[in-house]
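Read through the structure below, which is laid out as structure tokens, and then see the notes.
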Amino acid sequence: MNILRLLFELFIVYLLYKFIFDFIIPVYKTTKQVKQKMNDVHQRMQENQGGPVNDPYKKEPQTEVHKRPAHEDYIDYEEIK
């Protein structure tokens, strides 16, 4: 009976080892790499824009004032028959 218990415990230790080194550590490393790449992309976007990244879905009030063009800008056409 003692040998069966020892084999069972060794099997459990082996399963834990496989779980930790084949699943937990690779997931941790991948998550860390993805997070670093996202931070790099975010930093590059800020450098290119010269400021913080704006939310594309955020509505900002329009500050453009629509001016009427001056009368001199119009071209008067005559109809040719």
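Put simply, CD1 on Ile25 and CZ on Phe19 are 11.0 Å apart, with the number rounded to the nearest 0.5 Å. Note that CD of Gln46 is 4.0 Å distant from NE2 of His42, once rounded to the nearest 0.5 Å. Summarising the geometry, atom CZ belonging to Arg5 is positioned 12.0 Å from atom CG belonging to Leu10; distances are rounded to the nearest 0.5 Å. To the nearest 0.5 angstrom, Leu7 atom CG is 10.5 Å from Asn2 atom CG.
Between Tyr17 and Phe21, the ring-plane angle classifies as tilted under the 30° and 60° cut-offs.
Put simply, Ile24 and Val27 are part of the same group of oily side chains (I, L, V, M, F, W, Y) that touch within less than 4.5 Å, one to the next.
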Start with the C-alpha distance between Gln36 and Asp40, add both sets of side-chain angles, then the distance that settles side chain to side chain donor-acceptor pair (under 3.5 Å), and finish with yes or no.
CA-CA 6 Å; Gln36 180 63 36; Asp40 291 345; 3.1 Å; yes
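Within 6.0 Å of CD1 on Ile3 lie no more than 12 heavy atoms contributed by other residues, nucleotides or ligands.
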